[in-house]
Protein chains: 2
Amino acid sequence: MSKKEALLKAAENKVRLGGYSNFSFRELASEIGIKSASVHYHFPTKADLGAELAHQYTNAFLNALGSPSEHLANGKNPIEVYTQLFRSALLFDKKMCLCGLLGAESDSLPEKVRFEVKRFFNQNLEWLTEAHLANGEQQPKHAAIQTVSLLEGAMMISKTLDDNSYFELATQPA
Amino acid sequence: MSKKEALLKAAENKVRLGGYSNFSFRELASEIGIKSASVHYHFPTKADLGAELAHQYTNAFLNALGSPSEHLANGKNPIEVYTQLFRSALLFDKKMCLCGLLGAESDSLPEKVRFEVKRFFNQNLEWLTEAHLANGEQQPKHAAIQTVSLLEGAMMISKTLDDNSYFELATQPA
DNA sequence: AGCCGCCTACCTATCGATAGGTAACTTATA
DNA sequence: TATAAGTTACCTATCGATAGGTAGGCGGCT
């Protein structure tokens, strides 16, 4: 893994625990064994690092998601697949969704970081709308925004109350 | 308004925009016209200020909520009342829920702040469970966690995408 | 030769926190 | 009633730590 990749990985861990201000160039550098000044070689400013982090996170998330049609072809409900990806983040990473946290801090973020967070949610809503449409929902856009909202909120509350069963209850159909 | 109240109010604005690390004693002090050292007279440490802020926020929120039975007696659906309180925060304050933001940062918060955030959600879940029970829901605890999750998530996404109609779509019954 | 990836060695700004002091007010006591 | 003691709500000055960022150097690889 290159130093740049290592920096992004270290930053992701920090941000997913405490937000944008929860990482510093010094901490990141010392964790991967270089000097803080060298971090500026890879990322001119902190905002550049944050933006690239959110961008790559979004790409990785979308990539892991695949396409709704592909899941339907395999006889799987794409909404279940989507929910499962959130569940994995909570159970295995034991961390918040990067963009869920950044989104909450949205008002105080550098513009280029905020832009990438917006992109995450717009792409997610697009995916979910397609999925709900395929599922025959009469209002796929409503259903899409309800799905992300519920999952992001459930994640946050499970983390806060330190009990993953809240996530399960929230995602369990009535 | 006392200086202490003014400090808490100033801190609330900052935190609801960017989280726990988005306020400093210096900024708060200069905003209300005292020196940063004097802030320590009212709050020994930053964690003390944060904890008291979350505590008072929770009390004010619960107070504004009233009781589920009182709303039922007035022919109002308590869940609608609850939703409306979130909507007000978004539309009038134009800010995130304080504890929604702090909850997302939960992992990096001082223990006493985290404790108060937990209290917010436990109290909210209690209120909502009672409300859903009164509404005749067969699984009031499930419904309660689903309600908070959806509202907190919808708030975060509306703030992120800078469009309150997302909140409306999310809270609109299917 | 030239660039890549890192380094040393800084800078300025800001952070939370502490020490010690002061003026104004309140309370307790003789 | 007068004075002493204590409290409230601030102040100035300063601490060590840390923040993001910059200038310029140096070795290794092509």
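Naming: A, B, ... by sequence-line order, numbering from 1 per chain.
- A salt bridge between B:R119 and B:E116 is present, with a side-chain N of the basic residue lying under 4.0 Å from a carboxylate O of the acidic one.
- Qualifying side chain to side chain donor-acceptor pair (under 3.5 Å) partners for B:D93, counting only residues two or more places apart in sequence or in other chains: B:R16.
- Here A:L72 pairs with A:P78, A:A134, A:N135 under the side chain to side chain contact (heavy atoms under 4.5 Å, CB included) rule; sequence neighbours left out.
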Do any side-chain atoms of residues 158-165 of chain B form donor-acceptor pairs under 3.5 angstrom with protein atoms, and if so which ones, sequence neighbours left out?
unit_1: B:S158; atom_1: OG; unit_2: B:A154; atom_2: O; d: 3.0
unit_1: B:S158; atom_1: OG; unit_2: B:F167; atom_2: N; d: 2.9
unit_1: B:K159; atom_1: NZ; unit_2: A:D107; atom_2: OD2; d: 2.9
unit_1: B:K159; atom_1: NZ; unit_2: B:K94; atom_2: O; d: 3.0
unit_1: B:T160; atom_1: OG1; unit_2: A:G103; atom_2: O; d: 3.1
unit_1: B:T160; atom_1: OG1; unit_2: B:M156; atom_2: O; d: 2.8
unit_1: B:D163; atom_1: OD1; unit_2: B:S165; atom_2: N; d: 2.9
unit_1: B:D163; atom_1: OD1; unit_2: B:S165; atom_2: OG; d: 2.7
unit_1: B:D163; atom_1: OD2; unit_2: B:S165; atom_2: OG; d: 3.4

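- Base contact: A:K35 has a heavy atom under 4.0 Å from a base atom.
- Using a 4.5 Å heavy-atom threshold, the side chains of B:E152 and B:F121 count as touching.
- Taking the side chain to side chain contact (heavy atoms under 4.5 Å, CB included) definition, one finds that A:P44 meets it with A:D48, sequence neighbours left out.
- You'll find the side chain of B:E52 reaches within 4.5 Å of the side chain of B:K4, heavy atoms only.
- Contacts of A:F43 with the nucleic acid, taken as non-hydrogen atoms under 4.0 Å apart, are absent.
- Side-chain atoms of A:C97 and A:F120, non-hydrogen and from C-beta on, do get closer than 4.5 Å to each other.
- Residues B:P110 and B:Y20 meet the side-chain proximity criterion, which asks for heavy atoms closer than 4.5 Å.
- Rounded to 10 degrees, the angle between the two end axes of the helix from C:dA1-D:dT30 to C:dA30-D:dT1 is 10°, with five pairs used at each end.
- A:L150 and B:M155 are members of different hydrophobic clusters when ILVMFWY side chains are connected at heavy-atom separations under 4.5 Å.
- For A:E80, the side chain to side chain donor-acceptor pair (under 3.5 Å) criterion is met by no residue, not counting sequence neighbours.
- Note on A:S38: a base of the nucleic acid sits closer than 4.0 angstrom, heavy atoms only.
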Subject >> Stepwise side-chain contact (heavy atoms from CB on, under 4.5 Å) check, A:E12 with A:L8 >> reply: CA-CA 6 Å; A:E12 181 183 327; A:L8 287 169; over 6 Å; no
Check: protein-nucleotides 6-9 of chain D nitrogen or oxygen pairs below 3.5 Å:
unit_1: D:dA9; atom_1: OP2; unit_2: B:Y41; atom_2: OH; d: 3.1

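- Chain B approaches DNA chain C over the interval C:dC15 to C:dT18, counting the first and last nucleotide 5' to 3' with an atom under 4.0 Å from its heavy atoms.
- A heavy-atom distance below 4.0 Å to DNA chain D is reached by these residues of residues 25-34 of chain A, ordered by number: A:F25, A:R26.
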Listed pairs, N/O of protein and of nucleotides 23-30 of chain D, under 3.5 Å:
none

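- Residues in residues 27-51 of chain B take part in these ring-ring contact (aromatic ring centres under 6.0 Å, His included) pairs, two or more places apart or across chains: B:F25-B:H40.
- Within 6.0 Å of the NZ atom in A:K141, the count of heavy atoms belonging to other residues, nucleotides or ligands does not exceed 12.
- Residues satisfying the side chain to side chain donor-acceptor pair (under 3.5 Å) test with B:Y82, not counting sequence neighbours, are B:N124.
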